[in-house]
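Everything below concerns the one structure shown next.
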There are 2 protein chains.
Amino acid sequence: MVRDRRGFIRRTKQREVILSVLQSTDTHPSADWIYEEVRQVLPNISLGTIYRNLRILVDSGEAMELRFGSGASRFDGNPKNHYHFVCLNCDRIYDLELSLQEKLEEQVSEKAGHRVLDHRLEFYGICDVCQSKKNTIDEPRHHDS
Amino acid sequence: MVRDRRGFIRRTKQREVILSVLQSTDTHPSADWIYEEVRQVLPNISLGTIYRNLRILVDSGEAMELRFGSGASRFDGNPKNHYHFVCLNCDRIYDLELSLQEKLEEQVSEKAGHRVLDHRLEFYGICDVCQSKKNTIDEPRHHDS
DNA sequence: TTAATTGCAAACCCTTTGCTTCATC
DNA sequence: GATGAAGCAAAGGGTTTGCAATTAA
């Protein structure tokens, strides 16, 4: 009997599996990758259902949507604000342990006069994995494994 | 005789006007808005040309591409790193005067071991304009004036 | 002269949506 | 049983791209 702006939300096997797939990885997968994973459990699921449920999960605060550069959205099963590092070579996204910079929000609201509700911080560069195999230009690998 | 990875780049009236339109506003416009503006000077220009040139400008470091939430990319004629505030009510994007947080890059490279080349920081909330006309839910207005 | 760039339109990718059927409450 | 959600497929928005014609160098 969960309620949100959309009315009642029923518990479905599909959404359950989608969320568990999302929570079982730290690769910040795309909708398509999640689709392929969920399909191994529910072979008849459709991409539309993936998208619909990801939207529900994001809107209800159970997941987070990330958009870097171009291409597909990436999803994070950890909805608490945290920061990311994006590798420009392989496209991997890493969670960072950097502590939340709440003071920056204060600074902005004081100086600019806007009511600040949230912030995002991400770093770009070459990840440790790609550095160790230098001179290799990966075919961007997006969130697999 | 500018050279970049793509070979020689010719100076064209189209790109000139696109860049000047982009630099003449602080509204962080979308490609489509730029298109409409440039069209008043070059009525036959096509959207494809807008996109092609925006890509050239971004790749050559003369402009910056911003992607917030869903929807179209927004472009910034100021290519130096700076931070933004995005109003969740009206979709306006504001430049912030917050100083560059270079120490955070150091912290990340030390702690996580990645080579950090850049970072982005943006704040979300309700802007001062929207706060003063409270109880009004704007039709998101995207970057017009 | 010749190769980069344009205009045009079609293609593309990712995401959303309409509709009928299914299944949860 | 109602009605929210699924599956399917078609539509949608934003962006890219192929190609012949143009134009800067």
Interatomic distance where [atom1] belongs to [X] and [atom2] belongs to [N] [whole Å]:
{"X": "B:Gln14", "N": "D:dT22", "atom1": "CD", "atom2": "P", "answer": "14 Å"}
{"X": "A:Ile50", "N": "D:dA6", "atom1": "CD1", "atom2": "P", "answer": "10 Å"}
{"X": "A:Asn53", "N": "D:dG7", "atom1": "CG", "atom2": "P", "answer": "9 Å"}
{"X": "A:Arg15", "N": "D:dA6", "atom1": "CZ", "atom2": "C1'", "answer": "11 Å"}
{"X": "B:Ile56", "N": "C:dA4", "atom1": "CD1", "atom2": "C1'", "answer": "9 Å"}
{"X": "B:Ile45", "N": "D:dT23", "atom1": "CD1", "atom2": "C1'", "answer": "14 Å"}
{"X": "B:Leu42", "N": "D:dT23", "atom1": "CG", "atom2": "P", "answer": "12 Å"}

Do any pairs count as a side chain to side chain donor-acceptor pair (under 3.5 Å) and have a residue in residues 103-113 of chain B, sequence neighbours left out, and if so which ones? B:Glu105-B:His119

Per-nt protein contacts along nucleotides 11-22 of chain C (heavy atom under 4.0 Å; B base, S backbone sugar-phosphate only, - none) come out as ---SBBBB----

Any idea how A:His114 and B:Tyr94 line up, ring-wise: parallel (<30°), tilted (30 to 60°), or perpendicular (>60°)? tilted

Does OP1 or OP2 of D:dG4 have a side-chain N or O of A:Thr12 closer than 4.0 Å? no

Any non-hydrogen side-chain atom of A:Asp91 less than 4.5 Å from a side-chain atom of A:Arg74? yes

